[in-house]
Amino acid sequence: MRGRHVVFVVSMILLAAGGNVSGEFAGDYSKLSGIIIPGFASTQLRAWSILDCPYSPLDFNPLDLVWLDTTKLLSAVNCWLKCMMLDPYNQTDHSECKSRPDSGLSAITELDPGYITGPLSSVWKEWIKWCIEFGIEANAIIAVPYDWRLSPSKLEERDLYFHKLKLTFETALKLRGGPSIVFAHSLGNNVFRYFLEWLKLEIAPKEYRRWLDDHIHAYFAVGAPLLGAIETVKATLSGATFGLPVSEGTARLMFNTFGSSIWMLPFSKYCTTDNVYRRHFSGGNRKNHHAYHCDEHEHRSDYSGWPTNIINIEVPSIRGNEAYPSFVETAQTNSSGMECAFPMQLSFSAREVSDGTFFKAIKDYDPDSERLLHLLKKSYHDDPILNPLTPWERPPLKNIFCIYGVDSKTEVGYYFAPSGKPYPDNWIVTDVIYEFEGSLYSRSGNLVEGNPGATSGDETVPYHSLSWCKNWLGAKVNITRTPQSEHDGSDVQVHRNKEHQHGEDIIPNMTRLPTVKYITYYEDSESFPGTRTAVWELDKANHRNIVRSPALMRELWLEMWHDIHPDKKSKFVTKAKRGPLRDEDCYWDYGKARCAWPEHCEYRYLFGDVHLGQSCRLKNSTSHLLSHYV
């Protein structure tokens, strides 16, 4: 997954500072804090060595920005790669250069600060601005960056990352006097999941649930690739540049040295592994305890539950007694025989990708397969804490909100073929299968057979993976659909006590206007006593940019403000209407020649305003407006 798929566990800091906004109400809102764990390629990496770059005026010195410094990437790409790449077998640094993650909020706001590059690489900057605007204290927002190139076990082995994360939660509780709100985006959800499993072996079993209740108030999972991400396969085989000015081959060369390259592989929801926690305390033999166990659905389903096969790849067939030349031979001789042999097309499901069957099948034709198989077994299948390539049941937290974008054209399958070029450009993508509007399409626009979901994903992660968290809901679910923008309640639809079968999708029978972007809320506060679970689907919300969505930030703020209010009358904040909360939400209605939302906004010119909309401002304080959502 790309930098935009970034994963961040961001303790929902917005509430941390509820004090300013809600001071007129009873209750101490200042006790909450937020912890942010960024996702893949969403943390700055800085050099921790001195590297002289020949033929370039730019060298790397300690604390120089590596990820992401586009100037050095363009002028000294070979040096830059030395600072980025790891040994694919043991995940150690290059002998000439090493990089380490930056710290603090600045490490996750803009990856490449600058007048032009800053806005293009912005990740959490808008989010932090929202927090500041609503009066959140500086010490209530805690970023916990990490080296997103490493596998989960290596994060702990090299950096003691999960020990530090545990201390961060405990420090926040001691400093603020209350629990934290966790916000995870993309890969950050995988990191947070591993932390919860690691914590089981660090804390006495009887204290585990109490620790979670004391330290974590709510968990917001945004854009979580709960069953993996298809684009990881493309990055592994042919390369994904993530918008960087490098070739796909160079991007592949770098990506496949990262231990985290396997972390987001797609896998089957029907296959699990042994319970490590139970085996640990029962004293059982832990050897091979991560073998996959698949139920009958895996063998009855066509594509491991996914819309289609993840990979369709052409490999050379055997002609007579002569096998097609291996990749190494092809690279050495630059033979064109690849184009003359009789190809054989092989198809692989999500299970066959995650259990290593696919990499074994192409081992003779691709030098990366052996390295990836080694990494897959050592860092994932044989991980002593958790095999992350297994479905995640609802974590034992009091409040969980799973949030993701839907209804965007998203890749769900690929066709690969040999390119006739040497490694790392030895594979090309010949076709792509997309999901969109409940159907599957090829790159040329033709319909494709398969098992499409009710809608599509967020351009990066397929709907099948994002919506897995609907299984965390109980048997009765309340569903509400509202416009994303401010609204008066005329287009709000509600279905109460909708029956839900575990393992099946929930598809609301609701109407939608083609020109309106909606949020669909699935909420359950009754099935599991003392807990709340909600799923939010945002139309057309892009995977990376969802964390900058004004609609999402508004809903997060309202939900958490309502949650900690002593006079709240319902389990979840009302969806009946949405009005402006900030001056930026007011705008000029040219059709009526006045500020829109006249009951909340008024025309009030201040020196420096350059257009009418800028002079539209709130009539009342934010605290007064929030009182309507109790």
Side-chain angles (χ1 to χ4, degrees), residues 7 9 12 181-197 199-200 208-209 212-213 216-229 267-272 275 277 295 297 305 386 388-406 453-455 457-458 461-480 495-508 519-538 546 552 555-556 559-560 563 571-573:
V7 182
V9 177
M12 259 310 41
I181 302 168
V182 176
F183 184 90
H185 174 249
S186 190
L187 179 65
N189 295 280
N190 302 45
V191 174
F192 185 60
R193 177 193 181 185
Y194 193 91
F195 168 72
L196 293 179
E197 293 298 320
L199 193 65
K200 287 181 180 179
Y208 178 68
R209 291 293 295 270
L212 294 179
D213 291 344
I216 301 175
H217 174 73
Y219 165 43
F220 287 82
V222 179
L226 297 173
L227 298 178
F267 54 88
S268 173
K269 65 180 180 180
Y270 301 124
C271 299
T272 60
N275 189 308
Y277 183 64
D295 62 26
H297 294 92
L386 167 75
L389 304 180
T390 52
W392 189 13
E393 296 302 319
R394 187 191 188 280
L397 302 172
K398 291 182 291 187
N399 303 297
I400 296 179
F401 296 81
C402 184
I403 307 164
Y404 51 86
V406 295
T455 183
D458 61 4
V461 182
Y463 174 75
H464 176 72
S465 180
L466 293 166
S467 63
W468 172 253
C469 57
K470 285 185 177 179
N471 288 285
W472 299 352
L473 297 165
K476 298 287 185 180
V477 180
N478 294 329
I479 307 176
T480 308
H495 288 173
R496 297 198 177 277
N497 295 320
K498 174 83 172 177
E499 292 189 0
H500 171 227
Q501 296 291 331
H502 183 76
E504 296 183 4
D505 196 3
I506 311 176
I507 306 173
I519 304 180
T520 306
Y521 307 84
Y522 305 81
E523 298 173 330
D524 173 23
S525 61
E526 307 295 336
S527 299
F528 309 102
T531 67
R532 295 183 305 153
T533 307
V535 177
W536 300 352
E537 294 180 344
L538 282 71
I546 189 172
L552 172 61
E555 292 305 310
L556 289 172
E559 188 60 58
M560 296 318 302
D563 188 37
K571 294 290 186 179
F572 296 96
V573 68

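Computed from a predicted model, the values in this text were never measured in an experiment. Side chains included, hydrogens not; waters and symmetry mates left out as well; all remaining heavy atoms used.
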Would you kindly say whether Asn478 and Tyr521 are connected by a side-chain donor-acceptor distance under 3.5 Å?
-> no
Only counting residues at least two apart or in another chain, list the ones meeting salt bridge (charged side-chain N to carboxylate O under 4.0 Å, His left out) with Arg532.
-> Glu559, Asp563
Check side-chain hydrogen bond (donor to acceptor under 3.5 Å, both in side chains) between Thr390 and all other residues, then give those that pass, not counting sequence neighbours.
-> Arg193
Should Leu397 and Val182 count as side-chain neighbours, where that means a heavy-atom distance under 4.5 Å?
-> no
Contacts of type side-chain hydrogen bond (donor to acceptor under 3.5 Å, both in side chains), residue Thr533, not counting sequence neighbours = Arg394
Provide the closest heavy-atom pair for Ala475 versus Ser527 in the form atom of the first, atom of the second, distance.
-> N-OG, 3.4 Å
Considering all heavy atoms of both residues, which atom of His500 and which atom of Asn471 are nearest to each other, and what is their separation?
-> CE1-CA, 4.2 Å
Results of side chain to side chain contact (heavy atoms under 4.5 Å, CB included) for Lys398 - residues two or more places apart only | Asp213
CG-CG distance between Leu538 and Asp458, expressed to the nearest 0.5 angstrom = 10.5 Å
Does Tyr194 have any ring pair (Phe, Tyr, Trp, His ring centres under 6.0 Å) partners at least two apart in sequence or in another chain, and if so, which?
-> Phe162
Test log, rule side chain to side chain contact (heavy atoms under 4.5 Å, CB included), inputs Ile216 and Phe192 | CA-CA 12 Å; Ile216 301 175; Phe192 185 60; 3.8 Å; yes
In Å and rounded to the nearest 0.5 Å, what is the SG to NE2 distance from Cys271 to His297?
-> 12.0 Å
Starting at CG of Asp524, measure out to CD1 of Ile506 and round the result to the nearest 0.5 Å.
-> 8.5 Å
Heavy-atom distance under 4.5 Å between the side chains of Cys469 and Tyr404, does that happen here?
-> yes
If every non-hydrogen atom of His464 is compared with every non-hydrogen atom of Leu227, which pair is closest and at what distance?
-> NE2-CD1, 3.4 Å
Sequence neighbours excluded, which residues qualify as ring pair (Phe, Tyr, Trp, His ring centres under 6.0 Å) partners of His495?
-> none
Heavy-atom side-chain proximity of Asn190 to Pro388 below 4.5 angstrom | no
Quick one: do Leu556 and Ile403 satisfy side chain to side chain contact (heavy atoms under 4.5 Å, CB included)? Show the steps, please.
-> CA-CA 10 Å; Leu556 289 172; Ile403 307 164; 3.7 Å; yes
Sequence neighbours left out, what passes salt bridge (charged side-chain N to carboxylate O under 4.0 Å, His left out) with Lys476? Give chain and number order.
-> Glu499
Return the set of residues passing side-chain hydrogen bond (donor to acceptor under 3.5 Å, both in side chains) with Ser268 (not counting sequence neighbours), or none when no residue passes.
-> Glu298
Taking every non-hydrogen atom, the tightest pair across Val461 and Ala229 | CG2-CB, 4.3 Å
The single option from Tyr522, Phe528, Trp392 passing ring pair (Phe, Tyr, Trp, His ring centres under 6.0 Å) against Trp472 = Trp392
Those residues that, when tested against Pro396, pass side chain to side chain contact (heavy atoms under 4.5 Å, CB included) (two or more places apart) | Tyr208, Arg209, Leu212
Is there side-chain contact between Val191 and Phe195, with at least one heavy-atom pair below 4.5 Å?
-> no
Identify the heavy atoms of Lys571 and Ser525 that sit nearest to each other, and give their distance.
-> CG-OG, 3.4 Å
Ala534: partners by side chain to side chain contact (heavy atoms under 4.5 Å, CB included), with sequence neighbours left out = Phe401, Glu523, Trp536, Phe572
Does Tyr463 have any side-chain hydrogen bond (donor to acceptor under 3.5 Å, both in side chains) partners at least two apart in sequence or in another chain, and if so, which?
-> Lys470, Asp505
Could you give the distance from OG1 (Thr455) to CD1 (Ile507), rounded to the nearest 0.5 Å?
-> 10.0 Å
When every non-hydrogen atom of Phe267 is compared with those of Leu226, the smallest separation belongs to CZ-O, 3.1 Å
In Å and rounded to the nearest 0.5 Å, what is the OG1 to CD distance from Thr272 to Glu393?
-> 9.0 Å
